Amino acid sequence: MPEDNNPVIEVIDLSASYGHEPILHDINFKVNPNEVFAVLGGSGCGKSTLLKHITGLYCPVKGDIIIHGESIVKASGDKRREIMRSFGVTYQGGALWGSLTVGENVSLPLEEYTSLSRKQIRAVVDEKLHLVQMDGFRDYMPAELSGGMRKRAGLARAMALSPKLLFFDEPSAGLDPITSARLDELILRLRDECDTTIMVVTHELDSIFTIADRVIMLSKETKSIVAEGDPRYLRDKSPDPWVREFMTRGASLRLAGSIPQST
Amino acid sequence: MPVKVARYVEIVGDAGWSVGRAVASMVSFVGELSIALAYAVLHPRKIRWRETLYYMDMCGSGALPICALICFLMGLILGFQGALQLHKYGGDIFLADFVAVLIVKEMGPLMIAVISTGRAGSAFAAEIGTMKVSEEIDAMLTMGFVPSRFLVIPKIIALVTVLPLLTIFGDLVGIVGGFIVGYTRLELPLSAYYNRTLISITPMYFAEGLIKSVVYAFIIAAVGCMRGFESDKDAQGVGRAATSAVVTSVFFLAVADAIFAVIFGVIIGR
């Protein structure tokens with residue numbers, strides 16, 4: 001459909017700071033419909049800060065962020081909350097509401113924003129929990145779950161309203177390899193079967209090469225984007241040696257003799 | 001010389017700016033809270049009743065033992081000191097008046113409020129501060145929820161409901177404490193103490209005590225929640241938020257008490 005070619009997210013001249021500390025300077029990029037877009041970078045480069053600005057939690061020092069054609073920076077009050085309802089966010093630790101069960105966590109947005117009956121809501125909750133392989137955990141409290149399970153429950157909650165845009169903050173952090181691979185499969189299924197656009201903040205390379213269509217790389221030194229494009233291309237052919245080093249976990253430097261090979 | 005002066009001006013300017021920002025954030029919080037309260041009054045079915053009942057239990061029935069202990073102690077102390085002074089002028093029988101009026105009008109509401117500040121106020125701040133650390137508040141915001149509705153309203157409704165009840169309970173226990181002293185030290189008969197107590201507590205004093213407890217409840221819950229939202233995102237930050245909740249609450253309780261003293265003592269009279 002022609003109207004679906006407009007970018008889902010547009011970040012324009014974004015400058016951000018964390019308190020008084022400048023973190024990002026003049027960031028520009030677009031996220032296209034139905035792609036998995038990854039934000040990479042070393043520790044402290046501002047990946048999570050960028051995500052929190054895009055999801056409307058922080059206000060940028062300068063610049064604009066357009067989501068589904070509306071500026072989340074300029075919107076306020078009910079309009080802003082309406083924009084936020086159009087996307088789902090998963091947090092590093094799951095961020096489940098501790099006094100509610102897993103089922104209640106997932107059903108809360110449904111109770112607040114839909115007019116579905118209790119039975120219908122229960123059915124949707126079961127469907128979402130099934131998607132993240134958490135069937136049977138509906139009545140568990142978050143404190144009774146492992147870290148990985150909390151993340152998956154958090155994802156089920158983010159998908160409760162079936163949003164067309166999802167944000168993931170370090171989805172694979174703390175997950176075992178099998179669970180991490182299953183999560184990657186789920187992300188790809190969401191993209192392909194549910195027409196979802198997904199933005200991921202991560203530095204797990206295995207995941208990036210599996211799921212990401214396009215990536216941007218942030219640098220702490222320049223506080224800006226140092227690379228943008230297909231991750232495989234950046235790994236093999238990027239003109240910037242630092243980018244290649246990052247994408248190969250230092251292997252490119254080891255091959256060049258700069259880092260001693262481990263015996 | 002000019003450098004030193006510039007330094008002092010800078011300090012004063014910085015301090016003024018901080019105070020201004022603190023006041024602005026407090027005003028903003030009160031505004032947000034008022035909107036949330038209005039929404040709750042207009043949509044009572046949307047109130048989180050399960051959480052409200054939990055806080056009623058935690059702040060109400062959970063507080064009965066400590067309130068009983070402290071109010072009983074307060075009754076004993078007031079009774080003892082009152083008896084000491086009244087006995088000099090042969091005013092033994094008025095011990096009941098002294099204890100009852102002082103407790104119902106002033107000490108009961110204030111003591112219960114200070115106990116609740118330490119119990120409920122710091123708990124609210126710590127709870128919300130911890131939610132901040134685990135990004136639960138961010139999760140609410142990005143889902144388009146207004147955190148005040150889910151986190152603050154149940155606490156305020158709960159405390160405003162239970163504090164007056166706790167105050168009445170504390171008043172009774174305190175009066176009993178006063179009687180124990182009156183009976184043991186001044187040999188006041190129960191019937192005399194009982195009658196004087198009933199005569200001395202006018203409806204006005206009783207109403208004053210209850211109105212105070214409602215306002216104190218509001219202050220404790222609002223300040224506790226506000227400090228929780230302002231908490232830094234680490235363990236020490238949560239601790240500081242809980243401490244600050246108690247200190248700020250007590251400050252505003254004192255201010256409120258002073259204002260009440262003017263309203264009830266000077267403007268209304270008696």
Side-chain angles (χ1 to χ4, degrees), chain A residues 18-19 48 51-59 67 72 75 77-101 104-113 142-143 147 150-151 153-155 157-161 163 165-170, chain B residues 14 17-18 21 25 28 31-32 35-36 38-40 43 45-58 123-124 126-155 158 228-230 232-235 237-238:
Chain A
Y18 192 70
S48 285
L51 187 66
K52 290 196 189 279
H53 277 83
I54 296 178
T55 52
L57 289 171
Y58 297 162
C59 233
I67 297 182
I72 194 171
D78 286 336
K79 182 72 196 160
R80 202 148 198 257
R81 283 191 281 277
E82 195 189 307
I83 300 177
M84 285 167 140
R85 284 206 290 276
S86 69
F87 56 74
V89 185
T90 57
Y91 292 87
Q92 275 192 44
L96 295 172
W97 300 311
S99 59
L100 303 178
T101 63
E104 286 164 347
N105 263 274
V106 181
S107 64
L108 193 60
L110 296 164
E111 287 166 20
E112 290 291 314
Y113 298 132
R150 275 184 227 152
K151 281 177 103 108
L155 171 56
R157 181 182 64 184
M159 294 196 298
L161 297 172
L165 174 58
L166 278 173
F167 294 95
F168 286 82
D169 193 358
E170 308 270 5
Chain B
D14 256 339
W17 183 248
S18 305
R21 273 218 327 259
S25 91
S28 156
E32 207 179 281
I35 296 176
Y39 182 89
H43 302 97
R45 275 214 329 237
K46 287 243 163 188
I47 295 174
R48 313 274 316 162
W49 289 110
R50 203 176 81 187
E51 276 84 354
T52 307
L53 288 170
Y54 164 80
Y55 291 117
M56 282 185 188
D57 185 40
M58 177 194 129
F124 292 171
E127 187 183 309
I128 293 181
T130 306
M131 287 181 84
K132 232 188 141 184
V133 170
S134 61
E135 297 184 304
E136 288 176 52
I137 312 245
D138 286 348
M140 270 187 196
L141 289 167
T142 52
M143 206 157 273
F145 294 153
V146 179
S148 293
R149 225 190 90 208
F150 290 86
L151 301 179
V152 184
I153 297 298
K155 296 177 169 75
F229 280 116
E230 290 169 358
D232 289 328
K233 287 189 176 183
D234 56 32
V238 173

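Scope of the values below: all heavy atoms of this structure, side chains included, with no hydrogens, waters or symmetry mates. Keep in mind that this is a model prediction, so the values were computed, not measured. Proteins get letters first, then strands, A, B, ... in listed order; numbering begins at 1 in each.
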(message) Report which part of Y113(A) has an atom under 4.5 Å of a heavy atom belonging to chain B: side chain, backbone, both, or neither.
(response) side chain
(request) Sort R157(A) into side chain, backbone, both or neither according to what part of it lies under 4.5 angstrom from a heavy atom of chain B. (result)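 Contact with chain B: backbone and side chain both.
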(message) Using every non-hydrogen atom in the two residues, find where A95(A) and A139(B) come nearest and quote the distance to one decimal.
(response) O-CB, 3.8 Å
(message) Are R50(B) and L100(A) packed together at the side-chain level, in the sense that at least one heavy-atom pair is separated by less than 4.5 angstrom?
(response)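 Touching, per the 4.5 Å side-chain cut-off.
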(request) Side-chain contact test, heavy atoms from C-beta onward, threshold under 4.5 Å: evaluate it for E112(A) versus M143(B) and give yes or no. (result) no
(request) Applying salt bridge (Lys or Arg N to Asp or Glu O under 4.0 Å), name anything that partners E111(A), two or more places apart in sequence or on another chain. (result)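 Once residues adjacent in sequence are excluded, E111(A) has no partner under the salt bridge (Lys or Arg N to Asp or Glu O under 4.0 Å) criterion.
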(message) If the condition is salt bridge (Lys or Arg N to Asp or Glu O under 4.0 Å), which residues does D232(B) pass it with, not counting sequence neighbours?
(response) R240(B)
(request) Below 4.5 Å from any heavy atom of chain A, which atoms of F145(B) appear? Answer side chain, backbone, both or neither. (result) both
(request) Keeping the roles fixed (side chain from E135(B), backbone from G93(A)), state whether a donor-acceptor pair exists under 3.5 Å. (result)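 No, the answer is negative, given that no donor and acceptor are paired below the 3.5 Å cut-off.
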May I ask you to name which of [options] has the most heavy-atom pairs under 4.5 Å with chain B?
options	value
P163(A), P109(A), A160(A)	P109(A)
T55(A), V89(A), L161(A), L57(A)	L57(A)
E82(A), R85(A), Q92(A), M84(A)	M84(A)

(request) Mark yes when over 12 heavy atoms from residues, nucleotides or ligands other than Y54(B) sit less than 6.0 Å from its OH; otherwise mark no. (result) no
(message) Less than 3.5 Å apart, any donor N or O on the side chain of Y91(A) or T142(B) sitting next to an acceptor on the other?
(response)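 Yes - a donor-acceptor pair under 3.5 Å links their side chains.
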(request) Working to the nearest 0.5 Å, report the span between CG of N105(A) and CD of E136(B). (result) 8.0 Å
